[in-house]
Amino acid sequence: MIHALQHENKAHEVCYIANIICEKIDHGTKPEDIAVIYRKNSNGAELMNALIKRKIPVVSSQKLNVLDNPYIQKFVKYLEYIYQEISYPYKGEYLCYELMIFDADRQLVNETVKTVREEKVKYATLPYFQDIVQYGSVGTVSDIMSNVFNRYFLDKLRIHPNYINELNQFNSFFNHIQTEINKDRIRDIKDLLMIIRRMQEMDILLPYYQIVGMNKGVNLITAHSSKGLEYDTVIIMDAISTNWESMRSGGQNYSMPDTLTISIDEEEADRRLMYVAVTRAKKECYIHFSSASEDGKLLQPSRFVHELNVDIKTATVPHNITEYIEEKLALSASKYELIQEREYVADMLTTYKLSPSHLNAYMECPYGFYHNYILRVPAPPSEPMMYGNAVHNTLQKYYENAKKGEDMSYDDVIELFRTELYRYRNSLTHEQLDRKLHAGIKSLEKYYPVMAASNKVTLNEFAFDVIIEGVPCFLKIDKMAFDGHYAEISDYKTGKLENTLKECGQPDEKNEFGGKIWRQLMMYKIAMDYQKQFPYTAKSINVDVIDIKENRKIELEYSLQDINTIIKLITSTYAKIMNQEFTDGCGECRWCKTKIV
């Protein structure tokens with residue numbers, strides 16, 4: 001049976017559909033037996049949020065353009081304001097009100113507007129806008145992006161009903177910008193804004209595949225994707241002419257020149273697509289459309305709705321339309337429980353592999369681990385990480401060349417390090433770059449004799465998977481030197497010697513599981529014992545400290561009891577991660593300090 005309903009506007013249509021779905025589920029219909037079908041992915045976004053707010057599970061897969069995301073667009077506005085104000089004071093005044101209504105409550109906005117008018121001051125002189133410029137004028141492009149995100153966006157995203165997908169879109173955006181920075185295409189905020197502007201002008205997509213839910217929810221799907229599928233109840237939304245018909249003569253009210261009219265083939269393709277949508281229903285089909293857009297423009301139903309020869313009825317006004325509109329306009333500050341989050345994270349964890357860095361991060365702060373390694377909240381690469389990568393890459397290439405019989409001189413090594421470090425020149429300030437270049441040259445000067453005299457029969461940056469007592473693990477060992485069937489495992493550390501020594505200790509009364517570097521190397525040793533790829537046994541595990549003051553090789557000690565302790569730690573930590581035990585925090589990291597209780 002086919003029904004057609006006309007609504008006053010899009011808000012009424014979405015609210016009505018959400019209410020009907022809730023009623024059907026309350027009366028025993030399984031969510032997975034309901035499908036909402038639309039022409040374009042963008043048509044379903046508002047309904048998806050409405051259903052999630054009502055704790056209705058949904059299943060949806062959409063290809064989105066990250067640059068169309070309202071939060072990303074606001075983020076770019078913040079960067080634009082920072083650039084304008086740094087370029088010339090008060091040049092970004094035209095953006096102030098827009099930024100303020102995004103971040104502040106209505107009362108504060110009204111008070112600020114009143115202050116500006118009565119005292120005849122510039123918005124940019126107010127503390128709020130001075131803070132924006134302060135947060136956005138320190139550090140590299142990556143630092144500025146991270147500062148703005150953490151200060152003005154993170155808390156808002158954390159109470160968003162579709163938090164994880166919003167966060168993932170920011171991740172995609174940050175990763176794209178970081179790639180452009182590494183390619184030397186972005187050196188400052190001006191370059192970043194120019195690239196984004198060009199992408200928008202040329203309709204270049206920055207794609208993100210949004211996947212919501214698994215397989216037990218209301219299906220939100222495009223007509224193209226619905227081919228071959230069937231559902232008890234099908235709801236077709238946004239069935240207006242501009243959505244379901246190609247460019248044509250405004251409902252055929254007048255004739256257009258033959259050169260501008262749609263071809264018969266295109267019209268038939270549109271008609272078949274509507275036919276596909278309607279015939280997905282095994283029992284009932286509801287077709288919905290709005291009479292007017294949100295700005296009051298009149299809309300016409302698709303001609304294909306009329307061709308179905310069904311009575312079009314006017315839908316009743318939803319009883320909760322006022323509440324819905326308030327939620328939509330973000331006038332309600334309610335915190336929504338994210339029913340999708342555990343299901344989404346469970347799906348992510350189906351392919352999860354524990355690594356030494358993850359083990360240490362979870363032990364240090366489960367709540368921080370969740371944000372940094374599961375959700376992967378955007379963050380710029382840190383100065384120590386970039387410096388460490390440059391040193392690691394230099395050593396890896398040195399030993400790879402040595403295996404080929406191509407020895408590198410000290411000058412070759414320094415030039416190689418300089419090249420590796422300069423890959424990060426747009427992510428480091430001039431002071432940081434000079435400081436790390438000096439530190440690397442001095443450290444490698446001390447370490448070069450060790451390199452030249454070492455065993456050249458090595459595996460470098462050796463990455464492998466292994467199962468340890470049922471736990472899937474991934475490891476990457478800096479260097480393994482071989483002597484017969486024995487392997488000497490080495491890990492490079494570029495931090496201060498005194499700090500490294502503190503983290504290399506065995507378990508004792510104060511530290512039940514030893515230092516984090518000791519745990520890392522123990523996991524390497526255990527993994528080598530469990531792996532089946534190579535006939536080698538870990539003979540010794542060492543830390544090579546490459547420090548500007550002193551280089552030192554530290555051979556770590558361990559017992560059979562220590563091995564069993566770490567194996568138990570691996571299995572228990574993995575079990576906690578799989579069980580999504582992420583609520584405990586350290587109380588010190590940035591995530592704990594902004595934790596929403």
Side-chain angles (χ1 to χ4, degrees), residues 353-366 368-369 373 384 388 391-392 395 447 450 454-455 459 462 464 466-483 485-531 536-547 549-577 584 586-589:
K353 298 172 185 175
L354 185 68
S355 70
S357 59
H358 285 199
L359 176 71
N360 283 329
Y362 186 88
M363 291 185 65
E364 187 172 326
C365 181
F369 167 84
Y373 294 98
V391 172
H392 276 65
L395 297 179
Y447 192 67
V450 177
S454 63
N455 183 354
L459 274 177
F462 175 53
F464 62 102
V466 64
I467 304 295
I468 301 176
E469 294 300 317
V471 176
C473 300
F474 173 77
L475 301 99
K476 190 174 185 180
I477 298 175
D478 288 347
K479 187 182 77 169
M480 288 197 296
F482 301 100
D483 181 11
H485 291 290
Y486 294 100
E488 178 184 284
I489 295 175
S490 296
D491 191 74
Y492 308 127
K493 297 300 177 186
T494 54
K496 294 181 179 180
L497 175 61
E498 56 266 32
N499 294 337
T500 302
L501 288 171
K502 291 177 183 177
E503 297 295 345
C504 288
Q506 288 179 266
D508 54 29
E509 292 182 358
K510 293 183 179 179
N511 196 339
E512 180 183 0
F513 300 106
K516 65 180 181 181
I517 294 177
W518 182 86
R519 291 194 297 268
Q520 174 190 351
L521 273 291
M522 284 301 299
M523 193 168 174
Y524 288 163
K525 188 270 185 293
I526 293 167
M528 284 300 296
D529 291 344
Y530 274 78
Q531 63 86 27
Y536 299 114
T537 302
K539 180 181 180 181
S540 62
I541 50 177
N542 311 293
V543 176
D544 280 11
V545 183
I546 306 171
D547 184 24
K549 293 182 179 179
E550 180 183 355
N551 293 312
R552 186 182 299 185
K553 180 177 181 177
I554 306 171
E555 184 171 347
L556 303 186
E557 298 180 353
Y558 58 89
S559 65
L560 181 60
Q561 181 179 348
D562 291 335
I563 293 175
N564 291 330
T565 297
I566 297 301
I567 290 175
K568 290 180 181 178
L569 179 64
I570 290 170
T571 56
S572 63
T573 301
Y574 180 78
K576 291 175 182 178
I577 292 172
D584 291 339
C586 63
E588 299 295 328
C589 71

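Interatomic distance, Gln506 CD to Asn511 CG, rounded to the nearest 0.5 Å: 11.5 Å. Expressed to the nearest 0.5 Å, how far CD1 of Ile541 lies from CD1 of Ile517 amounts to 12.0 Å. One distance of note links CZ of Phe369 with OG of Ser357; it measures 8.5 Å at 0.5 Å rounding. How far OG1 of Thr500 is from CG of Asp544: 11.0 Å, rounded to the nearest 0.5 Å.
For residues 502-530, no residue pair satisfies the ring-ring contact (aromatic ring centres under 6.0 Å, His included) rule, not counting sequence neighbours.
In this structure, Asn542 and Asp491 have side chains that are not in contact, with every pair of non-hydrogen atoms separated by 4.5 Å or more. A 4.5 Å side-chain heavy-atom check between Lys479 and Tyr492 finds at least one atom pair inside the cut-off. Within the 4.5 Å cutoff, side-chain heavy atoms of Leu395 are placed close to those of Tyr447.
At least one donor-acceptor pair under 3.5 Å links the side chain of Ser572 to the backbone N or O of Leu569. For His392 (side chain) and Gly388 (main-chain N/O), a donor-acceptor pair under 3.5 Å exists by modelled atom type. Under a 3.5 Å cut-off, the side chain of Arg519 and the backbone N or O of Gly514 do form a donor-acceptor pair.
Considering only residues two or more places apart in sequence or on other chains, Glu550 meets the side-chain hydrogen bond (donor to acceptor under 3.5 Å, both in side chains) condition with Arg552. For Lys353, the salt bridge (Lys or Arg N to Asp or Glu O under 4.0 Å) test picks out Asp465, with sequence neighbours left out. Not a single salt bridge (Lys or Arg N to Asp or Glu O under 4.0 Å) links Asp562 to another residue, sequence neighbours left out. Shown here are the salt bridge (Lys or Arg N to Asp or Glu O under 4.0 Å) partners of Lys516, two or more places apart in sequence or in another chain: there are none. Residues meeting the salt bridge (Lys or Arg N to Asp or Glu O under 4.0 Å) test with Glu488, sequence neighbours left out: Lys553.
Shown here is Glu364, whose CD atom has no more than 12 heavy atoms of other residues, nucleotides or ligands within 6.0 Å.
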